[in-house]
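Keep in mind that what you see is a predicted model, and the values were worked out from it rather than measured.
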Amino acid sequence: MHHSQINADVRKLIAEGTVLPAHPLALTAERQLDKQHQRALTRYYIDAGSGGLAVGVHTTQFAIRDVGLYRPVLELAAETAANWTKRPLAMVAGLAGPTGQATAEARTARDIGYHAGLLSLAAMKSASEDEIIAHCTAVAAEIPLVGFYLQPAVGGVILPSRFWQRFAAIDNVVAIKIAPFNRYRTLDVLRGVAAAGALDRVALYTGNDDHILLDLMLPFDLRDKGVTTRTYFKGGLLGHWSVWTASAIRQFERCKAARHKDSVPADLLALDARVTDCNSAFFDVANNFHGCIAGCHEVLRRQGLLRGLWCLDPSEGLSPGQKEEIDRVCREHADLSDDAFVAANLDKWLA
C-alpha cells in the first residue's frame, strides 16, 4: 500500500497535523481484554475530537503480541471507530519486532484498514544503520510508515541525523513521531528530514512529552549552506494524550493558532511547564518511567474509563510515591483535566 492510496481526507489530516492519542489497553482483573472499556476509550477519543488513533503502540503494551491480542485489539478499535463516527480518522497501527514480524504486522494492519504503521526500532538495537534502513524499507513496502524515535529509557535506539536523512528518503514515509525526550536528538531528526528534502512530504509529530506545547507552537530554523529553512511540528502522537484528551485538543488548537505569528502569548508558553509537570506524575519520571503505562491507567480509572490499572505484565504498576504525585497534579492542575466532559458522556461510551 502506497501513501497515494490513502483516502485523500485522511492523507490531508496526517499531512496538516492532528491529535493522535496512543490507545491504552483495557484489561479485567484476570488480565483479559475488557472489550466494554476498550470500546469506551475509543469512543472517548473520538468524541473528544481526536484526528485518529494509534493502536498497538507502546501505550497499548507491546506484550499484546505475546498473548495473541495484536489483531483483536486492532480490529476492535477499527470496528468501534467506524461504527461511532463517519468523519475521517487517521488510523495508525504500531509495528514492532524484527523484519519478518514487523512486515507481517504491517500486512495485518493494512488488511484491517489502518492507514499507516508506527515502526518501533527497539528490536534493532544491535543492527547496523544499513540493516535498520533495509528493515524500514521492507516494512514500507507493505504500508505507509510513521517513523518513531523512541527514548532510550523505554527501549529506543539512539540514531544520528544521517539515519533520519536516509529514513526520510524512503518514499512511503508519511510522518515521524519524534520522542527522544532530548532537544539535541530532536534537532537531529529535523535536520535529517530537511537534508532529505522531505519536509513537504514527511509530517513532523511530537512525542516529546516533556515539551509538548513548545514543540507544537514554536518555529524551528534549520541552516544549510547559509540557507535557512523554517519548519514546524504538525501534530502529536502521544501517550500523554491518552488522558485528559478533550483538554489536550483545546491546547493543540491554541498552539496551531499561535504559529506563524511574530509573538506567542506568555500564558501559552507558560502552560507548557504545567503540562510537563502533569506528565512527570503520569509518566513516573522519578522512577525512570517505570510506571508510565500504569500512571495513565490510574487517571483513566479515576474517571471510570478503566476498571483498574492492570497491565499484561504483573510487575508493571504504579511506583512508590507515584499515586501521591498524581494526586498532586490532579489537584494543582485540575483546570487541565476533562473530568466534567468524561462524566457527562461515560454512560454513553460504556453502553
**Message:** Using only atom types and a distance under 3.5 Å, with no angle test, would you say the side chain of Gln36 pairs donor to acceptor with the backbone of Ala351?
**Reply:** no
**Prompt:** Are the charged groups of Glu253 and Arg250 less than 4.0 angstrom apart, N to O?
**Reply:** no
**Request:** Side-chain contact test, heavy atoms from C-beta onward, threshold under 4.5 Å: evaluate it for Glu79 versus Arg39 and give yes or no.
**Result:** no
**Request:** Provide the full list of side-chain hydrogen bond (donor to acceptor under 3.5 Å, both in side chains) pairs with a residue in residues 131-143, sequence neighbours left out, each pair given once.
**Result:** Thr99-His135, Arg107-Glu142, Arg110-Glu142, Ser128-Glu131
**Request:** Compare all side-chain heavy atoms of Leu74 with those of Met91 and state whether any distance is below 4.5 angstrom.
**Result:** no
**Item:** Steps toward side chain to side chain donor-acceptor pair (under 3.5 Å) verdict (Asp209, His240)
**Value:** CA-CA 7 Å; Asp209 301 82; His240 181 88; 4.7 Å; no
**Message:** Could you go through Asp338 and Gln303, starting from their C-alpha distance and side-chain angles, then the distance that decides it, and tell me whether this counts as side chain to side chain donor-acceptor pair (under 3.5 Å)?
**Reply:** CA-CA 9 Å; Asp338 62 0; Gln303 294 180 314; 2.9 Å; yes
**Message:** Determine whether a donor-acceptor pair (N or O, by modelled atom type, separation under 3.5 Å) exists between the side chain of Asp272 and the backbone of Leu213.
**Reply:** yes
**Fill in**
For Phe282 and Val329, the nearest pair of non-hydrogen atoms, with its separation, is CE2-CG2, 3.8 Å
**Request:** Drop me the distance from His211's NE2 to Ile178's CD1, to the nearest 0.5 angstrom.
**Result:** 14.0 Å
**Complete:** With Leu271 as partner, the option from Leu214, Leu336, Ile212 fulfilling side-chain contact (heavy atoms from CB on, under 4.5 Å) is Leu336
**Message:** Can you tell me how far apart CG (Leu269) and OG (Ser263) are? Round to the nearest 0.5 Å.
**Reply:** 9.5 Å
**Item:** Side-chain (Glu105) to main-chain (Ala96) donor-acceptor, under 3.5 angstrom
**Value:** yes
**Message:** Please determine whether the number of non-hydrogen atoms from other residues, nucleotides or ligands lying under 6.0 Å from atom NZ of Lys348 exceeds 12.
**Reply:** yes
**Message:** Testing the basics here: between Leu53 and Leu20, what is the closest heavy-atom pair and its distance to 0.1 Å?
**Reply:** N-CD2, 3.8 Å
**Fill in**
Looking only at heavy atoms, the pair that brings Leu121 and Phe163 closest together is CD1-CZ, 3.9 Å
**Exam field: side chain Asn7 to backbone Val10, donor-acceptor pair closer than 3.5 Å** = yes
**Prompt:** Could you give all pairs that pass the ring pair (Phe, Tyr, Trp, His ring centres under 6.0 Å) test and reach residues 88-130, with sequence neighbours left out?
**Reply:** none
**Item:** Minimum heavy-atom distance Ala90-Leu13, with the two atoms named
**Value:** N-CD2, 3.9 Å
**Prompt:** Can Arg191 and Asp224 be said to form a salt bridge (Lys or Arg N to Asp or Glu O under 4.0 Å), step by step?
**Reply:** CA-CA 9 Å; Arg191 287 173 46 238; Asp224 182 48; over 6 Å; no
**Asked** In Å and rounded to the nearest 0.5 Å, what is the NE2 to CD1 distance from His2 to Ile143?
**Response** 13.0 Å
**Message:** One pair to check against salt bridge (Lys or Arg N to Asp or Glu O under 4.0 Å): Glu324 and Arg328. What are the steps and the verdict?
**Reply:** CA-CA 6 Å; Glu324 290 73 20; Arg328 178 186 67 80; over 6 Å; no
**Message:** Can a donor-acceptor pair be found, under 3.5 Å and without considering hydrogens, that links the side chain of Gln322 to the backbone of Gly291?
**Reply:** yes
**Asked** So, does Asn172 use its side chain to make a donor-acceptor pair with the main chain of Ala140 at under 3.5 Å?
**Response** yes
**Side-chain donor or acceptor of Tyr149 paired with backbone N/O of Thr186 under 3.5 Å** = no
**Asked** Distance-only, no hydrogens or angles: does the Thr276 side chain make a donor-acceptor pair with backbone N or O of Asp210 under 3.5 Å?
**Response** yes
**Item:** Ser4 backbone acceptor or donor facing Arg11 side chain under 3.5 Å
**Value:** no
**Prompt:** Do Ile133 and Phe167 come within less than 4.5 Å of each other through their side chains, counting heavy atoms only?
**Reply:** yes
**Request:** Give every residue pair that meets the ring pair (Phe, Tyr, Trp, His ring centres under 6.0 Å) criterion with at least one member in residues 169-194, sequence neighbours excluded.
**Result:** Phe181-Phe289
**Message:** For the CG atom on Asp335, are there more than 12 heavy atoms of other groups (residues, nucleotides or ligands in this structure) within a distance under 6.0 Å?
**Reply:** yes
**Request:** Report the residue from Tyr205, Phe220, Phe252 that forms a ring-ring contact (aromatic ring centres under 6.0 Å, His included) with Phe233.
**Result:** Phe220
**Prompt:** Would Asp34 and His37 satisfy side chain to side chain donor-acceptor pair (under 3.5 Å), going step by step from the backbone distance to the final call?
**Reply:** CA-CA 6 Å; Asp34 180 346; His37 286 78; 3.0 Å; yes
**Request:** Measure across Gly52 and Pro21 and return the closest heavy-atom pair with its distance rounded to 0.1 Å.
**Result:** O-CD, 3.2 Å
**Request:** Please report the shortest heavy-atom distance between Pro88 and Asp9, naming the atom on each side.
**Result:** CG-CB, 3.7 Å
**Message:** Test your reading of the model: is there a side-chain donor-acceptor pair from Lys234 to the backbone of Ala203, 3.5 Å cut-off?
**Reply:** no
**Message:** Are there over 12 heavy-atom neighbours, none belonging to Asp221, within less than 6.0 Å of that residue's CG?
**Reply:** yes
